[in-house]
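Letters A, B, ... are given to chains in the order of the sequence lines, protein chains preceding strands, and every chain is numbered from 1.
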Protein chains: 2
Amino acid sequence: MIRIGKLAHQSQVSRDTLRFYEKHGLITPSARTDAGYRLYAESDIKRVGFIVSAKKVGFTLNEIQQLLQLEVTKDIKSCQDVKEFVDHKIQLVNEQLTETRRIKKSLETLSEACCGGDEPATQCTILDTLNR
Amino acid sequence: MIRIGKLAHQSQVSRDTLRFYEKHGLITPSARTDAGYRLYAESDIKRVGFIVSAKKVGFTLNEIQQLLQLEVTKDIKSCQDVKEFVDHKIQLVNEQLTETRRIKKSLETLSEACCGGDEPATQCTILDTLNR
DNA sequence: CTTGACTCTGGACTATACTCTAAGGTTTAT
DNA sequence: ATAAACCTTAGAGTATAGTCCAGAGTCAAG
């Protein structure tokens, strides 16, 4: 059983973040010392690792909570359940990608129409476009 | 001079949003009635249009504030200034795009390694991967 | 036995962009 | 004249993901 500082160091997150995750139901230390210090067991450490990994692939904390539900109840869940969850997230990411690409194109169109020269911007095509 | 409700309707934003923009220095009505009602002049209406257009191409409110600065002082600004601003934003969008693509790929790798079948998820490659 | 490192809690603060509510005043239409 | 529609302000709430701080308690080492 380790204390919060050590876990924070090991997991490369801050103590505050661990407490924040706890407040949001992602990880609860298995025990406390008499003085109230959090004590994390091996399984807790793994759980934090899971959270960190899931963050790295783009899951939100909310999604991670659902993933942890799947992980904990994996014996009554199927691979299909897990894969569907991931595929749903891929869909969301694709939608975001589409929107960001649209924005990129709009901006590029804006930029390309502009001479970018020393001229005063009184007739700048960018400003003109935004004014319509 | 029109009141907030009409402007909101015309500009397709809520009254609250207009007041929110005002609080954040994006748009201030040119006048007020004796009763304190906001009165928007033609130039104010244009300004809101500018804000809405800029939002549509992905600028944040903070960036729009800077853009409005450029717009208002356009006679002492060059096309270069404006274009540089847009090009900088394109860079930011490109970085976001790169990150979102990375996430997409990670998720796809995760998904592809999973059988997605009826099997219990006890050996699910997705959960296994996140546990490392 | 005291100093420094560590931990606790609760709550404020950051950034982004609103949205909603309460309690009241004003204007317009009937 | 009165009701509906519109407007005002201040402030709280939403979602996301933390970060920081104060004031206090705990623990290990010299």
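Cluster note: A:Leu97 groups with B:Leu97 through ILVMFWY side-chain heavy atoms spaced under 4.5 Å, whether in direct contact or through intervening members. The hydrophobic cluster analysis finds B:Val72 isolated: no Ile, Leu, Val, Met, Phe, Trp or Tyr side chain comes under 4.5 Å of it, directly or through other members.
Ion pairing between B:Arg19 and B:Asp16 holds under the 4.0 Å rule for side-chain N and carboxylate O. Residues B:Arg47 and B:Glu71 are not paired through a salt bridge, judged by the lack of any N-O separation under 4.0 Å between the basic side chain and the carboxylate.
The stretch residues 94-107 of chain A has no heavy atom under 4.0 Å from DNA chain D, so no residue of it qualifies as close. A heavy atom lying under 4.0 Å from DNA chain C marks the following residues of residues 1-25 of chain A, by number: A:Arg3, A:Ile4, A:Gly5, A:Arg15, A:Arg19. Of the residues in residues 52-72 of chain B, none has a non-hydrogen atom less than 4.0 angstrom from any atom of DNA chain D. Listed by residue number, B:Arg32, B:Gly36, B:Tyr37, B:Arg38 are the residues of residues 31-45 of chain B with a heavy-atom contact under 4.0 Å to DNA chain D.
Once you apply a 4.0 Å limit to the heavy atoms of chain A, the touched nucleotides of DNA chain D run 5' to 3' over D:dA17 to D:dC27.
Note on the helix from C:dC1-D:dG30 to C:dT30-D:dA1: terminal axis deviation equals 30°, with five pairs used at each end and the result rounded to 10°.
Side-chain contact, B:Gln66 with B:Asn62: a donor N or O sits under 3.5 Å from an acceptor N or O. In this model, a donor atom of one side chain and an acceptor atom of the other lie less than 3.5 Å apart for A:Thr17 and A:Ser14.
Checking each of B:Glu63, B:Glu84, B:Glu95 against B:Lys89 for a salt bridge (Lys or Arg N to Asp or Glu O under 4.0 Å) leaves exactly one that passes, namely B:Glu63.
Not a single side chain to side chain donor-acceptor pair (under 3.5 Å) links B:Arg132 to another residue, sequence neighbours left out. Remark: A:Gln123 pairs with no residue by the side chain to side chain donor-acceptor pair (under 3.5 Å) rule, at least two apart or across chains.
Here salt bridge (charged side-chain N to carboxylate O under 4.0 Å, His left out) pairs that include residues 106-118 of chain A, with residues two or more places apart or in two chains, are A:Lys104-A:Glu108.
Between B:Phe20 and B:Leu26, the closest side-chain pair of non-hydrogen atoms is not below 4.5 Å. A 4.5 Å side-chain heavy-atom check between A:Ile2 and A:Leu39 finds every atom pair outside the cut-off.
Of the inter-residue distances, the one linking A:Tyr40 atom OH with A:Ile4 atom CD1 reads 4.0 Å to the nearest 0.5 angstrom. Note: A:Leu127 CG to A:Leu110 CG = 9.0 Å, rounded to the nearest 0.5 Å. One distance of note links CE of B:Met1 with CG of B:Asp44; it measures 7.5 Å at 0.5 Å rounding.
Pairing each heavy atom of B:Lys56 with each of A:Arg102, the nearest pair is O-NH2, 2.9 Å.
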For residues 74-83 of chain B, which side-chain N or O atoms pair as donor and acceptor with protein atoms under 3.5 Å away, sequence neighbours left out?
{"unit_1": "B:Lys77", "atom_1": "NZ", "unit_2": "B:Thr73", "atom_2": "OG1", "d": "3.1"}
{"unit_1": "B:Ser78", "atom_1": "OG", "unit_2": "B:Gln80", "atom_2": "N", "d": "3.4"}
{"unit_1": "B:Ser78", "atom_1": "OG", "unit_2": "B:Asp81", "atom_2": "N", "d": "3.3"}
{"unit_1": "B:Ser78", "atom_1": "OG", "unit_2": "B:Asp81", "atom_2": "OD2", "d": "3.3"}
{"unit_1": "B:Asp81", "atom_1": "OD2", "unit_2": "B:Ser78", "atom_2": "N", "d": "3.0"}
{"unit_1": "B:Lys83", "atom_1": "NZ", "unit_2": "A:Ser111", "atom_2": "O", "d": "3.2"}
{"unit_1": "B:Lys83", "atom_1": "NZ", "unit_2": "A:Cys114", "atom_2": "O", "d": "3.0"}

